[in-house]
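Notes to accompany the following structure.
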Amino acid sequence: MTGGGARFDVLGIGNAIVDTLAGADEEFLKQRGLRKGAMNLADAATSDALAALVKPLRECSGGSVANTIAALASFGSRCAYIGKVRDDRLGAVFRDDMRALGVTFDTPPSPAAAAAATARCIVLVTPDARRTLQTYLGACVELSADDVDESTVRDSRVVYLEGYLWDPPAARQAFVKTAAIAHAAGREVALTLSDPFCVDRHRESFRDLVENHIDILFANELEVVSLYQSANFTEAMQTVRGKVKVAALTRSAKGSVVLSGGESHSVDACPVDRVVDDTGAGDAYAAGFLHAFNRGQPLAACARLGGIAAAEVISHYGARPEVSLAELA
């Protein structure tokens, strides 16, 4: 457990995105040049064109770390969030959704006249439950160190950073500033690598971030293998050991492996009747893990609660839990 006296259990810093969830088939993805199972970046015009073609099933606040914060709130954790939106319709959707969950979200929006609109992610789910993302980052890229509220960082047991946000130089500076404030206050800093696409582009700087500023690392099998350019998961697992205090590595249906010093825990995935949509599985896992971690639970128990949360999310469409995770746990 991290140091006491905190107003918040977890502060999340990430891309403030509104998710539009829709169904799609393989041919639809091919026709639009979308890489299945990955995050595909788009400009505003391309995003608008795709949005005009799909039939939305749901529209809600999203983004990887925002999804984790939402799941943490469902567990009963006290949470805050920092992310940039514009003062527009989608910005209001994001703000209202987060606050309705009980999450403190006070980042000032960019003015309505700003060039970049609030970010949007169109989540296309194919019949095999795989999700393909087309993301317009919009106002997200404007987040800077000035948006980091120092008192909120100091008042959070764990600060959780989103790898997707590592692209803009200003956001990188925000991450480093945040980590310094958190560590000076005796807090922990966690990071999700987010996507192999991100790791491939920023491998060296990610390694520096992980090894010099991060206490708790969340990564899936593909991400950690890419980070260290390992031959396989076993090799990557041995490489990351010792780079951070805790490494929580997810392996989809194979469960997860948690490493800390000389400890190693392999935890089976929580069974589900049917996988409907794997959107947000890793985000939910991180929520369960951090909720248990902040309550002093053993690492294996943290992984098990993460698996329970992930199992709930993949059993339906959308990246947010549909039942109270506190009751489920």
Side-chain angles (χ1 to χ4, degrees), residues 6-20 58-112 114 116-121 135-165 168 170-171 174-175 177-179 181-182 185 187 189-192 194 280 283-284 286-287 290-291 294 318-321 324-326:
R7 179 184 174 197
F8 302 109
D9 294 309
V10 180
L11 163 65
I13 303 180
N15 283 328
I17 299 174
V18 173
D19 283 345
T20 298
R58 185 176 304 168
E59 183 180 77
C60 66
S61 60
S64 174
V65 164
N67 290 336
T68 297
I69 293 297
L72 276 159
S74 182
F75 273 119
S77 285
R78 299 162 301 163
C79 298
Y81 184 80
I82 293 173
K84 203 72 174 177
V85 298
R86 193 171 84 174
D87 188 12
D88 55 15
R89 186 187 72 82
L90 291 182
V93 169
F94 187 93
R95 181 183 61 250
D96 293 347
D97 273 1
M98 295 298 280
R99 289 179 176 175
L101 295 169
V103 175
T104 296
F105 176 50
D106 295 329
T107 309
S110 299
T118 296
R120 174 171 58 195
C121 179
T135 305
Y136 163 61
L137 292 174
C140 286
V141 301
E142 298 172 1
L143 187 133
S144 70
D146 292 339
D147 293 306
V148 176
D149 183 76
E150 295 189 18
S151 64
T152 303
V153 175
R154 288 193 295 268
D155 270 348
S156 303
R157 293 180 185 273
V158 175
V159 179
Y160 185 45
L161 308 176
E162 180 176 327
Y164 280 133
L165 193 54
F175 276 15
K177 173 186 175 179
T178 299
I181 296 167
R187 307 305 188 186
V189 181
L191 169 74
T192 171
S194 295
D283 304 335
L290 290 174
H291 182 76
N294 273 331
R320 301 285 175 89
S324 166
L325 292 181

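Keep in mind that the numbers below use all heavy atoms, side chains included, and drop hydrogens, waters and symmetry copies. The shown structure was predicted, so the numbers you read here are calculated from the model rather than taken from an experiment.
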Subject >> F75: partners by ring-ring contact (aromatic ring centres under 6.0 Å, His included), with sequence neighbours left out >> reply: H291
**OP:** Determine the minimum heavy-atom distance between D147 and I82, stating which atoms define it.
**Re:** O-CG2, 3.7 Å
Subject >> Residue pairs, two or more places apart or on separate chains, that pass salt bridge (charged side-chain N to carboxylate O under 4.0 Å, His left out) and touch residues 59-71 >> reply: E59-R89
Original post:
Taking all non-hydrogen atoms of both residues, which atom of S194 and which atom of Y164 are closest, and how far apart?
Top reply: OG-N, 3.1 Å
**OP:** Please determine if R99 and D106 form a salt bridge, counting it only when a charged side-chain N lies under 4.0 Å from a carboxylate O.
**Re:** yes
**OP:** Check whether any side-chain N or O of T68 sits under 3.5 Å from a backbone N or O of D283 as a donor-acceptor pair, and report yes or no.
**Re:** yes
Original post:
Backbone N or O of D155 within a donor-acceptor pair of the R187 side chain at under 3.5 Å?
Top reply: no
**OP:** Check P109 against D87 and note the closest heavy-atom contact, atom names and distance.
**Re:** CB-N, 3.9 Å
Original post:
Taking all non-hydrogen atoms of both residues, which atom of G83 and which atom of A16 are closest, and how far apart?
Top reply: C-CB, 4.0 Å
Original post:
Among pairs that include at least one residue of residues 136-145, which meet salt bridge (charged side-chain N to carboxylate O under 4.0 Å, His left out), considering only residues two or more places apart or in two chains?
Top reply: none
**OP:** Keeping the roles fixed (side chain from N294, backbone from D9), state whether a donor-acceptor pair exists under 3.5 Å.
**Re:** yes
**OP:** Indicate whether the side chain of S61 and that of R320 have a donor and an acceptor atom separated by less than 3.5 Å.
**Re:** yes
**OP:** Classify the side-chain pair D88/T118 by whether it contains a donor and acceptor separated by less than 3.5 Å.
**Re:** yes
Original post:
If you take all heavy atoms of V159 and T178, which pair is closest and at what distance?
Top reply: CG1-CG2, 3.5 Å
